[in-house]
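Scope of the values below: all heavy atoms of this structure, side chains included, with no hydrogens, waters or symmetry mates.
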Amino acid sequence: YLLSMGSTRVRAGDIEGAMPYLKRALEVTPRKQRVYFEIGLAQLSAGNYDVALGQFKTAYELDTTSPESKILYAIAALYAKQNVLADSLISDLSKNPEFFDERLVSAYVNTGNPAGAVKILENRVKLLPGDASVRLRLAAGYLAIGQKAKSISVLQAMLTEFPDKKTEIEYFIKEIQAGRDPTKTK
């Protein structure tokens, strides 16, 4: 009940109202990973990145084999500007071509590290080469890190593989060649 009430309030944006429930849940079940996850998410939402990092670290230490704990700990590390820690946490996960977590991609982008997002998207494209949206995101990622030629190369390959998206892809290529970012001008 306590965890559920706290979680519901966090999701509703009521961080202050959530904390008494979450703190009590932690007192009752101090070894439950989910409680640390929820407190960490509340702290991330409030912009308390170092506090969130501590909560996710504790959750991770409770079960170092849990992919979810590694991902959340890495996300908090990115927001706390500890990129080396984040990269080390996901290094073994990112070797798996099936690994993909949208929250992690967003965290890399939101914290000004699109190169980290590109690495994840490259792995995702290997797994799902027929997914046009992932390929477009990869092209946008290359553009964000200043690799225009790679961005255009991805898009040109898509022209033959995704003829139904020809108009959109050609627009992106022309915008990039003209020195503009099509993700910001359309």
Heavy atoms only: give me the nearest [X]-[Y] pair and the separation to one decimal.
X	Y	result
A140	T183	CB-CG2, 3.9 Å
A86	A74	CB-O, 3.5 Å
I176	S151	CD1-OG, 3.4 Å
V154	A139	CG1-CB, 4.0 Å
P129	R135	O-NH1, 2.6 Å
M19	A42	SD-CB, 4.0 Å

Query raised in the report: How far apart are the C-alpha atoms of L159 and I173, what are their side-chain angles, what is the distance that settles it, and do they pass the side-chain contact (heavy atoms from CB on, under 4.5 Å) test?
Result: CA-CA 10 Å; L159 282 172; I173 291 171; 4.0 Å; yes
Requested in this report: Please step through side chain to side chain donor-acceptor pair (under 3.5 Å) for the pair N113 and T111, ending with a clear verdict.
Outcome: CA-CA 6 Å; N113 186 356; T111 59; 5.7 Å; no
Note, [X] side chain near [Y] side chain (heavy atom, < 4.5 Å):
X	Y	value
D101	I120	no
L72	L41	yes
V125	R137	no
M158	L155	yes
S69	F37	yes
L53	K57	no
F56	Y36	no
Y108	L104	yes

For the [atom1] atom of [X] and the [atom2] atom of [Y], what is their distance to the nearest 0.5 Å?
X	Y	atom1	atom2	result
S7	Y21	OG	OH	12.0 Å
L138	S133	CG	OG	11.5 Å
E27	L2	CD	CG	9.0 Å
K150	Y142	NZ	OH	4.5 Å
K166	E170	NZ	CD	4.5 Å
E175	D181	CD	CG	9.0 Å

Query raised in the report: Heavy-atom count around E16 CD within 6.0 Å, excluding the residue itself: above 12?
Result: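 No, the 6.0 Å shell around CD holds no more than 12 heavy atoms from other groups.
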Query raised in the report: Where do R124 and D131 land on the side-chain contact (heavy atoms from CB on, under 4.5 Å) test, with the steps shown first?
Result: CA-CA 9 Å; R124 192 65 177 166; D131 187 329; over 6 Å; no
Closer than 3.5 angstrom, by distance alone: can the side chain of [X] be matched with the main-chain N or O of [Y] as a donor-acceptor pair?
X	Y	answer
T29	L26	no
T160	A157	yes
S4	Y1	no

Query raised in the report: Is the distance between the ring centroids of Y60 and Y73 less than 6.0 Å?
Result: yes
**Report entry** Pairing of R103 and E68 as salt bridge, 4.0 angstrom limit
**Finding:** yes
Requested in this report: Step by step, work out the side-chain contact (heavy atoms from CB on, under 4.5 Å) result for N123 and L127.
Outcome: CA-CA 7 Å; N123 284 339; L127 180 66; over 6 Å; no
Query raised in the report: Under 4.5 Å between side-chain heavy atoms, hopping through other hydrophobics if needed: is there a path connecting I71 to V10?
Result: no
Query raised in the report: Checking side-chain contact (heavy atoms from CB on, under 4.5 Å) for the pair E38/K32: CA distance, chi angles, key distance, verdict?
Result: CA-CA 11 Å; E38 290 300 327; K32 188 170 186 174; over 6 Å; no
**Report entry** Y79/Q43 under side chain to side chain donor-acceptor pair (under 3.5 Å): CA gap, chis, key distance, verdict
**Finding:** CA-CA 11 Å; Y79 280 99; Q43 296 301 325; over 6 Å; no
